[in-house]
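Let me begin by presenting the structure, written as structure tokens, before commenting on it.
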Amino acid sequence: MKNVQRAAEFYSRTAGRYARSRPHGIREPVLARQRDAIVELARPRSTDSVLDVGCGAGRVAAVLRPRVGWICGADASSEMLALARRWLDEGIQASLETLDLGRKFDLIVCCGVFDFVEDAAAGLEAIRRHLAPQGRAVVSAAAVSAIGVGYALVRRAQGVRVRLYTSRRLRALAASCGLRCTAARRLPGGSVAVMLEHAGGRV
Ligand SMILES: C[S@@+](CC[C@H](N)C(=O)[O-])C[C@H]1O[C@@H](n2cnc3c(N)ncnc32)[C@H](O)[C@@H]1O
């Protein structure tokens, strides 16, 4: 079984916890700060059309919702997507790597998904093909850090493989897919985020 299927099954199985107000218990304040940092990096605008890939239960979408024009969420797990729907104008069950909606978005957010993606270049290529010419994408992933290693070990015990990233690795992968990194940031809670735009010429 592919890791994306293992991840989707894991999140489908555990989706119930995300219906609670504090699914991560004492880690909740740190993860709230992480979401705020992602949204700050994304610089949302009221006219933005947004694609939230791997939207999960919609916790990033919930913060973005009052600040943008339209949000489409996609997730490999239908159970997670069902929880996110209240924040979304449109929801699609799909995997990042094979997503092909035939339209482009002003802002793409993809948070905590590359952790599970086996072919990161395919994932970044999917982001590139959905990004409007002047659009921006924020990608966050578990970082090479003590927290990241702990997270990977826990998920491994739950049957899901997690990859850890540095901003340098994300930047290099993005560059190989025609995307330029314009900012990189360590996030609270052991993640790293990059802001991406089209590199000159390839849209
Ligand atoms: C750690 S959660 C993050 C959810 C949300 N982005 C957030 O920041 O709160 C990861 C989500 O990504 C989904 N996912 C994992 N691999 C995926 C893939 N290859 N394509 C689409 N969704 C994926 C899982 O089903 C899960 O809902």
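Counting convention: from 1, in listed order, for ligands and their atoms alike.
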- request: Ignoring hydrogens, just give me the one of Asp115, Leu99, Leu96 whose non-hydrogen atom is nearest atom 20 (N) of ligand 1.
  value: Leu96
query: Got Arg22 and Pro29 here, is their nearest side-chain heavy-atom distance under 4.5 Å?
result: yes
message: I want to know if ligand 1 touches Asp52 in the polar sense, i.e. an N/O pair below 3.5 angstrom.
response: no
message: A quick test of your reading: do over 12 heavy atoms of other residues, nucleotides or ligands sit less than 6.0 Å from CZ of Arg103?
response: yes
query: Looking only at protein heavy atoms, which one is nearest to atom 4 (C) of ligand 1, and how far off is it?
result: Gly54 O, 3.4 Å
task: Answer yes or no: are there more than 12 heavy-atom neighbours, outside Arg17 itself, under 6.0 Å from its atom CZ?
output: yes
field: Atoms of ligand 1 close to Ala94 [distance to a heavy atom under 4.0 angstrom, numbered from 1]
entry: 21 (C)
- prompt: Of the protein's non-hydrogen atoms, which lies at the shortest distance from atom 15 (C) of ligand 1, and what is that distance?
  reply: Phe116 CD1, 3.7 Å
- line: If we number the atoms of ligand 1 from 1 as shown, the ones under 4.0 Å from a heavy atom of Ala76 are 21 (C), 22 (N), 23 (C)
query: Which value, rounded to the nearest 0.5 Å, describes the distance between Leu196 atom CG and Cys110 atom SG?
result: 10.0 Å
message: Can you tell me how the ring of His130 sits relative to the ring of Phe105, calling it parallel under 30°, perpendicular over 60° and tilted otherwise?
response: tilted
- prompt: How far is atom 9 (O) of ligand 1 from its nearest protein heavy atom, and which residue and atom name does that atom have?
  reply: Arg59 CB, 4.0 Å
query: At under 4.0 Å between heavy atoms, which part of Glu97 makes contact with ligand 1: side chain, backbone, both or neither?
result: side chain
field: ligand 1 atoms in contact with Ser77 (distance to a heavy atom under 4.0 Å)
entry: 25 (O)
Protein contact of atom 3 (C) of ligand 1 - nearest heavy atom, named by residue and atom, plus distance: Cys111 O, 3.4 Å
query: If you count the non-hydrogen atoms of other residues, nucleotides and ligands that lie under 6.0 Å from CZ in Arg155, is the total more than 12?
result: yes
- prompt: Which residue and non-hydrogen atom of the protein lie closest to atom 18 (C) of ligand 1, and at what distance in Å?
  reply: Val4 CG2, 3.6 Å
- prompt: What protein heavy atom is closest to atom 17 (C) of ligand 1, reported as residue, atom name and distance in Å?
  reply: Val113 CG1, 3.6 Å
task: Indicate yes or no: does Arg59 engage Glu28 in a salt bridge with an N to O separation below 4.0 Å.
output: yes
message: Under 4.5 Å between side-chain heavy atoms, counting indirect links through other Ile/Leu/Val/Met/Phe/Trp/Tyr residues: same cluster for Leu81 and Val109 or not?
response: yes
message: Give me the nearest non-hydrogen protein atom to atom 1 (C) of ligand 1 as residue plus atom name, then the distance to 0.1 Å.
response: Tyr11 OH, 3.1 Å
- request: Output the list of atoms in ligand 1 that are nearer than 4.0 Å to some heavy atom of Met80, sorted by atom number.
  value: 27 (O)
statement: Checking Arg67, Arg136, Arg43 against Asp48 for salt bridge (Lys or Arg N to Asp or Glu O under 4.0 Å), the one that qualifies is Arg136
- request: Using a strict 4.0 Å threshold on nitrogen-to-oxygen distance, state whether Arg128 and Glu125 make a salt bridge.
  value: yes
message: Give me the nearest non-hydrogen protein atom to atom 7 (C) of ligand 1 as residue plus atom name, then the distance to 0.1 Å.
response: Val60 CG2, 4.0 Å
- request: Please examine the side chains of Arg185 and Glu40, heavy atoms only from C-beta on, and report whether any two atoms are closer than 4.5 Å.
  value: yes
message: Restricting to non-hydrogen atoms, name the atom on Leu99 and the atom on Ala94 that form the minimum distance, rounded to 0.1 Å.
response: CD1-CB, 3.5 Å
message: Is the contact between Cys55 and ligand 1 made by the side chain, the backbone, both, or neither, using heavy atoms and a 4.0 Å cut-off?
response: backbone
- request: For Gly56, take its heavy atoms, then give the atoms of ligand 1 lying under 4.0 Å from any of them.
  value: 4 (C), 27 (O)
query: What atoms of ligand 1 come within less than 4.0 Å of a heavy atom belonging to Gly112?
result: 1 (C), 10 (C)
field: Close N or O approach (Asp75, ligand 1; < 3.5 Å)
entry: yes
